[in-house]
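First the structure, in the form of structure tokens, and then the observations on it.
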Amino acid sequence: MVANAVAYLGLGANLGVPSTTLGAAVRAIRLWPQTRCTAVSRLYHSAPMGPADQPDYCNAVVQVSTQLAPRALLAEAQATEQRFGRTRSETRWGARSLDIDLLLYGGDEFVADDLVLPHPGLEERSFVVFPLLDVAPDLHLPNGRVLSELAGRISRADLHRVEAWAP
């Protein structure tokens, strides 16, 4: 059995009713085995990172305490995405019903074909950094960088926080 690790999951959706989808996704995450949801960020709206001819995204971050190993946690995320209609054949950074990314797992750094930790691009993406800051304001990344300092260097011009959201 793996000791409890704190992990962070990035959630995003821009098809259907994204805020409803993300709320349902948080409720689904609360049912994952050997995993306890410990915090949920505010909901954010952001412009799409990929092709511009798609709806804006809703994004959030979920903090969990888990006994699942990183790949097992990723498998739960991908199974949940599939239950919400996600298919892996989608265009890179294209519109999607639900995206769940494993952003951080403890203080681990990990590189494999199917999983890279911390998630690539985490430090440059406002739709990840600011929701992550909501749930972990004192977070230090595995490379020693301080999340709050990164937030001070990232534009949030295309990011809009939704105040009232209770998944």
Side-chain angles (χ1 to χ4, degrees), residues 6-33 35-66 68 70-105 114-137 139 141 147 150-151 154-167:
V6 174
Y8 298 91
L9 306 165
L11 280 61
N14 71 339
L15 296 177
V17 182
S19 59
T20 301
T21 299
L22 293 189
V26 170
R27 289 188 294 279
I29 290 166
R30 289 183 174 133
L31 300 175
W32 289 0
T35 302
R36 185 171 50 89
C37 181
T38 53
V40 179
S41 75
R42 292 178 179 99
L43 185 68
Y44 290 79
H45 291 258
S46 63
M49 190 170 107
D53 63 340
Q54 60 179 312
D56 284 353
Y57 272 83
C58 283
N59 300 97
V61 166
V62 175
Q63 179 187 59
V64 298
S65 175
T66 187
L68 297 176
R71 280 195 167 118
L73 195 61
L74 178 63
E76 287 292 333
Q78 291 174 343
T80 301
E81 289 174 340
Q82 287 178 338
R83 285 194 299 276
F84 281 79
R86 170 90 188 263
T87 59
R88 288 279 155 200
S89 62
E90 296 172 18
T91 304
R92 183 173 172 90
W93 296 326
R96 54 195 59 173
S97 55
L98 178 63
D99 186 33
I100 303 176
D101 290 326
L102 180 50
L103 303 172
L104 295 161
Y105 184 92
D114 61 340
L115 180 61
V116 176
L117 294 169
H119 190 280
L122 178 154
E123 296 183 30
E124 295 87 31
R125 298 175 180 169
S126 63
F127 60 87
V128 174
V129 170
F130 289 100
L132 190 53
L133 198 59
D134 284 349
V135 298
L139 184 68
L141 301 178
L147 185 66
L150 291 172
I154 295 176
S155 170
R156 60 184 302 165
D158 290 335
L159 188 69
H160 306 283
R161 186 172 67 196
V162 176
E163 291 298 329
W165 186 62

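Keep in mind the model is a prediction, meaning the values are calculated, not measured.
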Q. Between Val128 and Leu103, is any pair of side-chain heavy atoms under 4.5 Å apart?
A. yes

Q.
Under the rule for salt bridge (charged side-chain N to carboxylate O under 4.0 Å, His left out), what residues qualify as partners of Glu76, not counting sequence neighbours?
A. none

Q) So which heavy atom on Asp56 is nearest to which on Pro48, and how close? A) OD1-CD, 3.4 Å

Q. What is the distance from atom CD of Gln82 to atom CG of Leu98, rounded to the nearest 0.5 Å?
A. 11.0 Å

Q: State whether Phe130 and Arg156 meet the cation-pi test: NZ (Lys) or CZ (Arg) under 6.0 Å from the six-membered ring centroid, and within 45° of the perpendicular axis.
A: yes

Q) Can you name the residues that form a side chain to side chain donor-acceptor pair (under 3.5 Å) with Thr21, not counting sequence neighbours? A) none

Q. For Pro70 and Leu117, which heavy atoms make the closest approach, and how far apart are they?
A. CB-CD1, 4.1 Å

(Q) Could you check whether any side-chain heavy atom of Leu115 comes within less than 4.5 Å of a side-chain heavy atom of Leu102, counting everything from C-beta outward? (A) yes

Q) Who pairs with Arg30 by salt bridge (charged side-chain N to carboxylate O under 4.0 Å, His left out), at least two apart in sequence or on another chain? A) none

Q) For Asp99 and Asn14, what are the C-alpha separation, side-chain angles and deciding distance, and is it a side chain to side chain contact (heavy atoms under 4.5 Å, CB included)? A) CA-CA 9 Å; Asp99 186 33; Asn14 71 339; over 6 Å; no

Q: Go through the steps for Asn59 and Leu11 under the test side chain to side chain contact (heavy atoms under 4.5 Å, CB included), then give the verdict.
A: CA-CA 5 Å; Asn59 300 97; Leu11 280 61; over 6 Å; no

Q.
Let's go through Arg96 and Tyr57 carefully: what are the C-alpha distance in whole Å and the side-chain angles of both, what is the deciding distance for side chain to side chain contact (heavy atoms under 4.5 Å, CB included) to 0.1 Å, and is it a yes or a no?
A. CA-CA 9 Å; Arg96 54 195 59 173; Tyr57 272 83; 3.7 Å; yes

**Q.** Asp134: side chain to side chain donor-acceptor pair (under 3.5 Å) partners, not counting sequence neighbours
**A.** Arg42, Tyr44

**Q.** Heavy-atom pair with the smallest gap, counting every atom of Ser46 and Phe127
**A.** OG-CB, 3.8 Å

Q: Please list, chain by chain and in numerical order, all residues satisfying side chain to side chain donor-acceptor pair (under 3.5 Å) with Arg83, sequence neighbours excluded.
A: Thr80

Q | Closest non-hydrogen atom pair between Gly16 and Pro18, with its separation | A | O-CD, 3.2 Å

Q: First locate atom OG1 of Thr66, then atom CD1 of Ile29, and finally report the distance between them rounded to the nearest 0.5 Å.
A: 11.0 Å

Q: Could you tell me which residues satisfy side chain to side chain donor-acceptor pair (under 3.5 Å) with Arg71, sequence neighbours excluded, listed by chain and number?
A: Asp114

Q.
Looking at every non-hydrogen atom in both residues, tell me the closest pair between Leu104 and Leu122 and how far apart they are.
A. CG-CD1, 4.0 Å

Q | Distance (rounded to the nearest 0.5 Å) between Arg125 CZ and His119 NE2 | A | 6.0 Å

(Q) Is any side-chain heavy atom of Leu43 closer than 4.5 Å to one of Leu22? (A) yes

Q) What pair of heavy atoms forms the shortest contact from Leu141 to Leu150, and how long is it? A) CD1-CD1, 3.5 Å

Q: Any chance you could measure His160, atom NE2, to Cys58, atom SG, to the nearest 0.5 Å?
A: 11.5 Å

Q | Residues Leu74, Ile100; criterion side chain to side chain contact (heavy atoms under 4.5 Å, CB included); working and verdict | A | CA-CA 9 Å; Leu74 178 63; Ile100 303 176; over 6 Å; no

Q | Gap between atom CG of Asp101 and atom CD of Glu81 - 0.5 Å precision | A | 7.0 Å

Q. Measuring from Ser126:OG to Ile154:CD1, what's the distance to the nearest 0.5 Å?
A. 7.0 Å

Q) Side chain of Ser97, backbone of Phe84: donor and acceptor closer than 3.5 Å? A) yes

Q) So, do Val162 and His45 sit near enough that their side-chain heavy atoms are less than 4.5 Å apart? A) yes

